[in-house]
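In what follows, chains are A, B, ... by sequence order, proteins preceding strands, each numbered from 1. Quick caveat, the model's predicted, so the values are computed rather than measured.
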Amino acid sequence: MQLQLLDADYTLVNGRPIVRLFGKTEKGETVCVIVENVRPYFFLHPREDIELKDIEYELEKNNLDYEVVERFLPIGWSPKPVKMLKIIGRDPSKIPEIRAWISRFGTPYEADVLFKYRYMVDNGLRGMAWFSVEGKPVQTGTVKCKTVCADRIKPLEMLSNAPLRYMALDIECAPQSGLPNADNDPIIMISLVFWPDWKGKSSIVLVSKHTSLPDCIGFADETEMLKRFKDIMDDYDPDIVTGYNITNFDLPYILRRLEVLDLPRDLGRAEKAAWARKLSMTQAITLTGRVVVDPYDIIRRDPWVKLKRYDLRTVAKSLLGEEKLEMSGSSEITTLWKGGLEDLKRLVNYNRRDSELAMRLLLEKGLLDKFFEIAKISGLLLQDALGGQSMRHECKLLHEFRKRNFVMPCKPDGAELTKRKAEREEAGLKGALVLEPETGLHASGCTIVLDFTSLYPSLIKAFNICPTTWLKNVGPDSPPHFTSPFNTCFVKPEVREGVLPAIVRELINTRAAVRAQARTEVDNEKKRILNAKQLALKDMANSLYGYTGFVHGRIYVMDIANTITAYGRDTITNAKKIIEDNFPYKVIYADTDSTFIKTDIVDLDAAQEMGIKISRFVTERLPGLELKYEKLFRTFLIETKKRYAGWCFEKEKDGWKDKIEMKGIETVRRDWCALTSETMNKVLDIVLRDGDVKKAAKFVRDVIADLIAGKVPLEKLTIVKGITKDLEEYDGVQPHVELAKKIVSRDPTKQRMVGERLEYVIVKGNALLSKRAEDPEFVKAKGMEIDSTYYIENQLLPPLERIFESVGVSRTELIHGTKQMSLLSALNGQKPTPSPEKTVLKSYEAIVCRKCYWSFRRPTLTGVCPTCGGQLFFSSGTSLGKFLEPTKS
DNA sequence: TGGCGGCGGGG
DNA sequence: GTGTACGCCGCCA
């Protein structure tokens, strides 16, 4: 039988552990493979002064077996392995105790590896990978699916994935007041969406009162409903359980309700009760044999998805173009629940839609694809592959260390952690090099961006950087080695290839092969898997460096993390020098692994050609590394380190494609109103595409004028913030909290505002700013006036000022000529006339008339503006509008 | 610049 | 379950 490994756990039978592997056949059947006769173990490296017989006595006393084995120590190069004890126990859960007392004899290794992983690693099994089983069917009474007792298990190499069953769920509850509390507030409704269908239905809504609405099942009460919910779980038997924010809300809530109502909680494929453990903020839910997938978790952590908010409404809208149904908070749910048939119908539809959206996000956006591959590469079970980065590397390293006869250190305990943190505090981990940018607008020629491909992984590989190759003490007898810019030494690969370098090599080579394969693959399903796989390989390679500097990691050695970044800084500095020594261009900015080269080339094709030429030139001179042409900016504006925007051009099959690209300059932020975001975008657009700073400044003045004239619609001025706790609990004054208090005092039916999301605008008045937050509807109804000064000062100008300052337009110039000028000056006690000395000049590309904004390439002979006689000042790129050649796009 | 405090998603 | 772990943003000094 061939199975794809979906999940695993262990359980004790007659005091002895058995491993249970939950696998899927090619046809989608679920099989639980039972493995007997596996014992927990770990390694002990005894102290020099300890005699074997000292330990032997203790081991015997505690009914433990042992073997003397030879293993390499993980930190620091040594030519020979050392003698260690492999301590073999019986009950995995007893290992921590054993480890605690045995530590007085030496250093334990791998004493904290989860038992299921111990087995998997020892047998070459990886999550979502295939394996073959020979065995006999058995009945256990504890596992709900077909069960086989294994005689022989062998890992297999297969690309395909078994068909899985998905179930999305969403609950509703009607709290009496405020936030729902699982101890008291019942679940009123559960929507379930199935893929593929369950009994011909794609969805069903369970309702905790009698109803005859279509595709619904009504029950006498919550208890009956929950009983049926579990029955459906067992009957449909999903592999994947999903739902929006289910890990943090729905599942823990359901589990608590089952507990309160004294109902069984075995929602998985075995007898074990499902359980939720609280981490720092998020929880983790374990359903044996199934995988809980929360689209919220995945989307929020996806670096490609940048949204203002990550609620289901925003996410569904932007990723699926789909709307959530209208519902104005939990108080409305309670109202509808108490209402008539139409109300119930609306609630049911609302409930059903949320499950549908979660399911669609998961399936249509292929959210799991990459994680399947991460599981296969790292060896983690799918459930764990959905978690953080560190576990992936830990698992991968465990596999690779074992293959080479190395042992893995345990995770740091509290004392070790304190030590590491102190060490870091003192010596510090020096990061990447970020060059001080030449701020301002660069518009006279294209700015070329060249990136080192996978810089840190390449460095690890090129210089054999690894704890296992690290020469702690270098002497005349030391084997051939590299000496790093951090003054650390690593033996050369011909002496021994490090484990990290080997992992990186495999990841990089496999990725290249997978990408090549993906290009020629015609089958769409296979192509999708291959693409997910290359992304997973890239993720793994790029985050390996991070693991070497991860305080909670098993191979944390600050010297190694420091070595990698030191090589990185050296590399980028070298690249800059090579470029500037050999080409007539300047590197105006560089960050970690990318360089920005300013040229005088206006033609896009010529600029790209030059970029490729430079990248080849540099690559030839830096062995083991590749500097690659990335993209070009026709115009490029940089404010500070890490904050820039550019008119980006990328050549595609059907010609040049352009867009405005921004890094660090946020045009969307949840505490900004729409007007700010819109104005920011428009300003960058004018500056970069038209190259016309004066036009951009005028645009801002117009917006300010509209604002003062009250012509800006309220919707664009609305700021949204949520009330998260009882109003009395807030200390300090915040606008939305003050508004909530007002709403409560105006409307006695409103009790608590917890959980409400408030929209507000700031109105004119003499009171403190926070006290002047108002409900937009109330403002409309009462015809109140908004506080334009607030919007200009606090919303519009701060982000805009930074942009304009970098192109040499000061705040005073920005608002010059608007009524606001005098208004603000009066407020700030400033002189109303712009003072030229205060004008910020950072980049000098043009000379502009202060009065009419006409611009010149050189200072005029008279020293004043020939058109209007106005005073001239230096600016950057202001005259661009006149000499920018139209491009092919 | 750095440290502190609050908040996220869900109903 | 042989585990014990956030990370960003705004405010204020």
Side-chain angles (χ1 to χ4, degrees), chain A residues 9-12 17 39-42 87 89-100 108 110-118 170-182 185 187-189 243-253 272 275 277-284 286 288 294-297 299-301 309-315 327-334 336-337 347 350-351 354 358 384 387-391 394 410-414 417 550-554 666 669-672 721-725 729-732 734 737 754-757 798:
Chain A
D9 78 339
Y10 87 91
T11 188
L12 289 178
R39 292 179 63 182
Y41 68 86
F42 64 94
I87 314 280
R90 293 166 203 283
D91 178 352
S93 67
K94 296 287 187 292
I95 296 288
E97 280 171 42
I98 300 164
R99 173 189 171 181
E110 302 183 13
D112 53 2
V113 175
L114 259 38
F115 190 60
K116 56 189 176 191
Y117 283 117
R118 176 79 281 160
D170 181 47
I171 65 167
E172 306 297 333
C173 25
Q176 289 309 305
S177 69
L179 293 164
N181 175 350
D185 300 319
I187 299 170
I188 56 170
M189 222 174 253
Y244 208 77
N245 205 26
I246 41 165
T247 41
N248 249 322
F249 182 73
D250 304 65
L251 284 178
Y253 204 100
K272 280 186 192 169
W275 54 287
R277 72 219 126 113
K278 185 93 186 151
L279 299 182
S280 51
M281 93 151 249
T282 177
Q283 323 201 39
T286 307
T288 308
D294 192 335
Y296 166 70
D297 273 338
I299 293 164
R300 190 176 38 119
R301 290 197 318 232
R309 298 168 53 209
Y310 291 87
D311 57 345
L312 182 55
R313 177 180 303 283
T314 313
V315 168
M327 191 66 62
S328 70
S330 61
S331 51
E332 190 176 1
I333 294 178
T334 310
L336 292 177
W337 181 242
L347 199 51
Y350 171 81
N351 184 220
D354 282 4
D384 297 325
Q389 298 267 2
S390 68
M391 279 183 83
E394 227 141 70
C410 295
K411 284 190 207 171
D413 57 12
L417 220 49
F550 179 48
V551 199
H552 294 279
R554 291 171 189 269
E666 300 155 285
R669 260 172 49 171
R670 58 175 68 198
D671 52 332
W672 284 350
K721 263 193 166 181
I723 299 288
T724 53
K725 53 186 175 189
E729 287 175 48
Y730 283 92
D731 29 55
Q734 290 188 58
V737 179
V754 186
E756 300 286 327
R757 204 166 266 289

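- In the set C:dT4, B:dG11, B:dG10, B:dG10 carries the atom at the smallest distance from any side-chain atom of A:Tyr244.
- Residue contacts for A:Asp170: at a heavy-atom cut-off of 4.0 Å it reaches the sugar-phosphate backbone alone, with no base atom in range.
- The distance between atom CE of A:Met189 and atom C1' of B:dG10, rounded to the nearest whole Å, is 16 Å.
- Among the atoms of the strands shown, none is found under 4.0 Å from any heavy atom of A:Arg99.
- Residues passing the salt bridge (Lys or Arg N to Asp or Glu O under 4.0 Å) test with A:Lys116, sequence neighbours excluded: none.
- Across all strands shown, A:Phe42 has no heavy atoms under 4.0 Å from either base or sugar-phosphate atoms.
- With rounding to whole Å, A:Tyr296 atom OH is found 9 Å from B:dG8 atom P.
- Residue-level contact check: A:Ile246 touches neither bases nor backbone, having no heavy atom under 4.0 Å from any strand.
- The pair A:Arg313-A:Asp311 does not count as a salt bridge, with every side-chain nitrogen at least 4.0 angstrom from each carboxylate oxygen.
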- Message: Once pairs are restricted to Watson-Crick or G-U wobble with both distances under 3.5 Å, how does DNA chain C read as a dot-bracket string, [ ] for crossings and | for other-strand pairs?
- Response: .....||||||||
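- The nearest whole Å value for the distance from the CZ atom in A:Arg554 to the P atom in C:dA5 is 13 Å.
- Note on A:Asp354: only backbone sugar-phosphate atoms sit closer than 4.0 angstrom, heavy atoms only; bases stay farther off.
- Looking at heavy-atom distances under 4.0 Å, A:Pro96 makes contact with sugar-phosphate atoms alone, never a base.
- Distance CG (A:Asp311) to C1' (B:dC7): 14 Å, rounded to an integer number of Å.
- The side-chain heavy atoms of A:Glu172 and A:Trp337, taken from C-beta on, include no pair separated by under 4.5 Å.
- Side chain of A:Asp185 to backbone of A:Asn181: a donor-acceptor contact under 3.5 angstrom is found.
- Among the heavy atoms of the strands lying under 4.0 Å from A:Tyr350 are primed sugar atoms or P, OP1, OP2 only; no base atom is included.
- In this structure, A:Leu312 reaches the sugar-phosphate backbone alone: every heavy-atom distance under 4.0 Å involves primed, P, OP1 or OP2 atoms, never a base.
- Going from atom CZ of A:Arg313 over to atom P of B:dG8 covers 16 Å, rounded to whole Å.
- The distance from atom NE2 of A:His552 to atom P of C:dA5 is 5 Å, rounded to the nearest whole Å.
- Checked against side chain to side chain contact (heavy atoms under 4.5 Å, CB included), A:Phe249 has the following partners two or more places apart in sequence or in another chain: A:Ile171, A:Cys173, A:Pro180, A:Asn245, A:Tyr253.
- Proximity note for A:Lys411 (side chain, C-beta onward) versus B:dG11, B:dG9, C:dA5: the nearest is C:dA5.
- Atoms CE (A:Met327) and C1' (B:dG9) sit 18 Å apart, rounded to a whole Å.
- A:Ile299 places its CD1 atom 12 Å from the P atom of B:dG9, with the value rounded to the nearest Å.
- Looking at A:Arg39, its side chain never comes within 3.5 Å of a backbone N or O of A:Arg90 through a donor-acceptor pair.
- Counting only distance, with no hydrogens or angles, the side chain of A:Asp170 and the backbone of A:Gly243 share no donor-acceptor pair below 3.5 Å.
- Side-chain atoms of A:Asp294 come within 3.5 Å of backbone N or O of A:Ile246 as a donor-acceptor pair.
- Taking the P atom of each, B:dG9 and C:dG10 are spaced 14 Å apart, rounded to whole Å.
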